[in-house]
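From a predicted model like this one, the values you see are computed outputs, not experimental measurements.
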Amino acid sequence: MSTFEYTPKGVCSRKMIFDLDGDIIRSVEVIGGCNGNLKGISSLLKGQNVNEIISRLEGITCGPKSTSCPDQIAQALKAYKAQ
């Protein structure tokens, strides 16, 4: 199991912390942002495959922004895979 930290860009959340077992997400903690929504998203991500989550969340926007917390989760997981 490994821990991966990511600093999101262009959103309200300030930090994302992932516990991963290979390509399986074990837990996600998001600091800042919309607390209830991000707790719900984090709960839904547990046990899911990184590639599946990237394909589902990448490109989601928030209002007029070109990104969102879900999109930044996808970007974080892409950075995790690239390391």
Could you grab the distance from atom [atom1] of [X] to atom [atom2] of [Y], nearest 0.5 Å is fine?
| X | Y | atom1 | atom2 | value |
| --- | --- | --- | --- | --- |
| Ile41 | Ser68 | CD1 | OG | 7.5 Å |
| Asp71 | Ser66 | CG | OG | 8.0 Å |
| Asp23 | Asn51 | CG | CG | 5.0 Å |
| Phe18 | Glu29 | CZ | CD | 11.0 Å |
| Lys46 | Ser43 | NZ | OG | 5.0 Å |
| Asp19 | Thr3 | CG | OG1 | 4.0 Å |

Legend entry - Under 3.5 Å donor-acceptor, Ser42 side chain and Leu38 backbone: yes
Legend entry - Polar side-chain atom of Gln72 near backbone of Lys9 as donor-acceptor pair, under 3.5 Å: yes
Inset, instruction - Look at atom CZ of Arg56 and say whether more than 12 heavy atoms of other residues, nucleotides or ligands are closer to it than 6.0 Å. - result: no
If hydrophobic clusters are built by linking Ile, Leu, Val, Met, Phe, Trp and Tyr wherever their side-chain heavy atoms come under 4.5 Å apart, do [X] and [Y] end up in the same one?
| X | Y | result |
| --- | --- | --- |
| Met16 | Ile60 | yes |
| Leu45 | Val50 | yes |
| Ile24 | Leu77 | no |
| Leu57 | Ile17 | no |
| Phe4 | Ile54 | yes |

Inset, instruction - Go through the steps for Met1 and Ser27 under the test side-chain contact (heavy atoms from CB on, under 4.5 Å), then give the verdict. - result: CA-CA 11 Å; Met1 188 131 93; Ser27 70; over 6 Å; no
